[in-house]
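Residue numbers begin at 1 in each chain, while the letters A, B, ... track the order of the sequences.
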There are 2 protein chains.
Amino acid sequence: MNDPDWSLYRTFLAVCRTGSLSAAARDLGLTQPTVGRHVDELERLLRRTLFTRSPQGLMPTDAAVEIRPYAESLATTAAALLRQVSGGLERVEGIVRITASDVIGIEVLPPILAQLQAAHPGLVVELSLSDLVEDLLHREADVAVRMTRPVQDALVIRAVGEIELGLHAHPDYLTRAGTPETFADLARHRMIGFDRQTAFVRMATAEMRRLNPGFSTVEQIGWHYRTDNNLAQLAAIRAGAGIGFCQTRLAERQPRLQRVLPDLRYPLPTWVAMHEDLKSSPRCRATFDALVEGLQDYIGGGTGGR
Amino acid sequence: MNDPDWSLYRTFLAVCRTGSLSAAARDLGLTQPTVGRHVDELERLLRRTLFTRSPQGLMPTDAAVEIRPYAESLATTAAALLRQVSGGLERVEGIVRITASDVIGIEVLPPILAQLQAAHPGLVVELSLSDLVEDLLHREADVAVRMTRPVQDALVIRAVGEIELGLHAHPDYLTRAGTPETFADLARHRMIGFDRQTAFVRMATAEMRRLNPGFSTVEQIGWHYRTDNNLAQLAAIRAGAGIGFCQTRLAERQPRLQRVLPDLRYPLPTWVAMHEDLKSSPRCRATFDALVEGLQDYIGGGTGGR
DNA sequence: TCGGGGTCATTCATTTTTGAATGATTGCTC
DNA sequence: GAGCAATCATTCAAAAATGAATGACCCCGA
């Protein structure tokens with residue numbers, strides 16, 4: 001049995017993603033008959049039907065679903081290879097892909113990255129913002145800012161300190177609704193919080209209770225403005241919708257945002273991580289270092305160290 | 001800039017591995033001019049010289065060395081894809097790749113795997129024996145038998161108990177040199193042990209000292225027959241070269257191998273691991289289960305559990 | 001019921017890729 | 001130093017892959 005040509009996998013993946021031969025052809029810069037022939041040949045070589053040709057488009061079969069993750073992996077690796085080769089071996093240039101949470105990526109990273117790029121005009125930054133952690137081992141990203149300690153081997157990780165979360169509100173809201181003085185007061189306020197009870201939220205709630213014994217839990221307080229999107233929470237606070245959590249350093253930067261119950265604190269330990277092999281890549285190394293330094297600055301003389 | 005065709009990476013990798021266009025062509029089932037053209041095109045698309053054409057063969061450039069790991073990763077993924085598709089979705093058949101240490105693979109696994117294959121004639125087993133842990137996340141292997149606890153996420157792991165190591169010798173040796181009665185006696189014996197001071201050996205030495213306070217360390221005993229190959233150690237013990245460590249259950253099976261200082265024990269915790277995604281693959285699941293059961297039997301009603 | 005926009009399959013000429021053959025060069029052996 | 005067995009580069013004809021064009025089909029909305 002002959003191995004399929006690797007490019008067939010790329011075509012296969014495009015068809016999986018788009019759901020049609022024509023769309024895949026457009027993405028790949030090929031034509032629809034070519035894509036169709038690629039699929040045919042892959043099916044022949046693998047001895048599997050990959051798509052059932054129904055008139056309303058192609059339906060991937062079980063076999064297609066099964067091998068798709070492998071094709072995705074091929075794609076991320078190929079993309080990583082191109083990023084790697086995009087930069088020289090001495091100078092800080094080329095493409096670096098960074099993954100971070102949306103709040104960090106939008107509120108914290110821009111000045112850090114702008115300064116980095118000012119120093120290295122040849123550097124192109126790709127920002128992938130999501131709470132789904134992209135896999136550094138599979139090179140889905142080159143450098144990551146994480147709020148959970150990366151457990152995988154073969155990663156260079158650096159703790160940059162703890163980002164502190166605290167309750168904040170807009171002065172407009174506080175003049176209207178009053179300023180809470182005790183944890184118990186919060187029960188009478190409009191609280192901004194999470195929508196779903198994700199694993200992170202449950203963990204955070206438990207930790208919050210541990211750190212701040214007087215703080216009532218979700219059940220007792222009740223949340224009036226719920227969203228899982230951290231940026232939306234921040235926007236709600238800014239708009240005077242109520243009291244919610246945001247990063248204290250972030251709030252300090254905002255023109256008019258006031259801290260509420262300053263004793264309540266929730267530290268978010270933060271790491272920067274990248275694959276070991278990328279240490280020797282100037283662009284990744286420089287980005288890593290800039291992120292570490294920038295975040296430590298942001299946190300305010302963080303603990304640093306490994 | 002156009003993306004290079006993924007098959008160019010495969011050709012590139014073959015050239016890296018073989019060191020010549022002709023050899024790569026033979027491996028790939030292509031011809032030498034084709035391989036040369038592929039390399040040319042990849043160099044053109046990446047804007048990098050990958051090989052310096054010297055008369056005495058091709059020398060990979062720094063750029064080639066840099067991207068080779070990515071090409072290797074592509075190759076392992078493609079291989080994993082083919083293994084995946086080699087089996088059906090319901091029946092236990094196709095190719096399963098297992099990695100284990102050499103002693104386990106040669107002395108322990110054969111009957112387990114033979115029984116597994118007897119039950120499932122369509123199952124093809126690939127055994128990769130090495131102390132280098134192949135990366136399950138990158139699908140270098142489907143199932144692994146490990147002596148260290150796998151730390152990576154996204155793995156299904158199962159503790160199968162502790163394999164006990166003990167000192168053993170051939171009766172011929174013992175009649176010739178006497179049977180040691182105390183740890184101190186070992187100093188007067190021919191000891192079989194490791195060659196280099198690897199991280200594992202250092203750790204094992206420390207652990208050994210902790211578990212068996214009276215046991216002298218390497219420095220005090222002195223090793224007279226040194227090899228890092230565990231099979232070679234076992235062979236030396238069998239040949240009556242002296243006293244060395246081997247698995248007690250293994251020694252029991254040998255026709256004539258006698259335990260020495262039975263109080264001395266060194267338990268080797270053992271795990272079976274595979275990638276989470278492969279749980280739904282019958283061939284991997286069956287292999288995983290068979291290995292767990294077989295190893296628990298081997299250990300002798302091991303502790304089991306997770 | 002009738003287009004319009006989308007899909008995929010088929011055909012055929014064109015382009016591209018490939019392989020066989022050949023030549024040039026090197027390293028090794030005798 | 002000649003002969004042999006490698007290597008890679010080049011050439012040219014054959015094979016393969018591709019794309020444009022066309023036709024058939026389906027869904028959707030008028």
Side-chain angles (χ1 to χ4, degrees), chain A residues 1-65 67-68 71 74 78, chain B residues 1-65 67-68 71 74 78:
Chain A
M1 162 171 145
N2 241 332
D3 277 13
D5 197 334
W6 289 2
S7 2
L8 297 182
Y9 296 135
R10 169 200 242 170
T11 307
F12 163 77
L13 182 59
V15 175
C16 279
R17 285 176 171 169
T18 61
S20 97
L21 300 184
S22 318
R26 280 192 296 274
D27 280 11
L28 294 170
L30 300 173
T31 56
Q32 166 258 321
T34 302
V35 172
R37 283 186 285 245
H38 280 185
V39 171
D40 287 346
E41 194 188 344
L42 189 59
E43 290 185 326
R44 189 177 59 79
L45 289 171
L46 297 182
R47 295 158 210 252
R48 288 280 185 288
T49 304
L50 296 173
F51 300 96
T52 52
R53 270 81 162 176
S54 77
Q56 57 275 24
L58 302 190
M59 273 296 295
T61 64
D62 288 352
V65 171
I67 66 174
R68 176 170 175 176
L74 290 175
Chain B
M1 162 172 141
N2 241 333
D3 276 14
D5 198 333
W6 289 2
S7 12
L8 298 183
Y9 297 135
R10 168 200 244 168
T11 307
F12 163 76
L13 182 60
V15 175
C16 279
R17 286 177 170 167
T18 61
S20 97
L21 299 184
S22 318
R26 280 193 297 274
D27 279 11
L28 294 170
L30 300 173
T31 57
Q32 167 257 321
T34 302
V35 172
R37 283 184 287 246
H38 281 185
V39 171
D40 287 346
E41 195 188 343
L42 189 59
E43 290 185 326
R44 188 176 62 76
L45 290 171
L46 297 182
R47 296 158 212 254
R48 288 279 185 289
T49 303
L50 296 173
F51 300 97
T52 52
R53 270 82 163 176
S54 77
Q56 57 274 25
L58 301 189
M59 273 296 295
T61 64
D62 289 352
V65 172
I67 65 173
R68 178 172 174 175
L74 290 175

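A/Gln32 places its CD atom 11 Å from the C1' atom of D/dA21, with the value rounded to the nearest Å. A/Leu21 has its CG atom 17 Å from the C1' atom of D/dA20, to the nearest Å. As rounded to whole Å, 12 Å separates atom C1' of D/dA9 from atom CG of B/Leu58. Taking atom CZ of residue B/Arg44 and atom C1' of nucleotide C/dT17, one finds them 14 Å apart after rounding to whole Å. One can place CG of A/Leu30 at 14 Å from C1' of C/dT15, the figure rounded to the nearest angstrom. B/Asp40 places its CG atom 14 Å from the C1' atom of C/dT18, with the value rounded to the nearest Å. Rounded to whole Å, the distance from CG on A/Leu28 to P on D/dG19 is 10 Å.
B/Leu58 is not listed as a side-chain neighbour of B/Val39, based on a closest heavy-atom distance of 4.5 Å or more.
With respect to B/Asp27 and B/Arg17, no salt bridge is recorded, no charged nitrogen being found less than 4.0 Å from a carboxylate O.
Phosphate proximity of C/dT18 to B/Thr34: absent, as no side-chain N or O sits under 4.0 Å from OP1 or OP2. At D/dC8, one or more side-chain N or O atoms of B/Ser22 fall inside 4.0 Å of OP1 or OP2 (strictly under the cut-off). In this model, the phosphate group of D/dT7 is approached by a side-chain N or O of B/Arg26 to a distance below 4.0 Å at OP1 or OP2. Taking side-chain N and O atoms only, A/Arg37 has no distance below 4.0 Å to OP1 or OP2 of C/dC8. For D/dA17, neither phosphate oxygen OP1 nor OP2 lies less than 4.0 angstrom from any side-chain nitrogen or oxygen of A/His38.
Counting all heavy atoms, side chain and backbone alike, A/Gln32 lies closest to A/Ala25 at N-CB, 3.5 Å.
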For a side-chain contact (heavy atoms from CB on, under 4.5 Å) check, start with the C-alpha distance between A/Val15 and A/Leu50, then their side-chain angles and the critical distance, and finish with the verdict. CA-CA 10 Å; A/Val15 175; A/Leu50 296 173; over 6 Å; no
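Here A/Ser20 lies in heavy-atom contact (under 4.0 Å) with sugar-phosphate atoms only.
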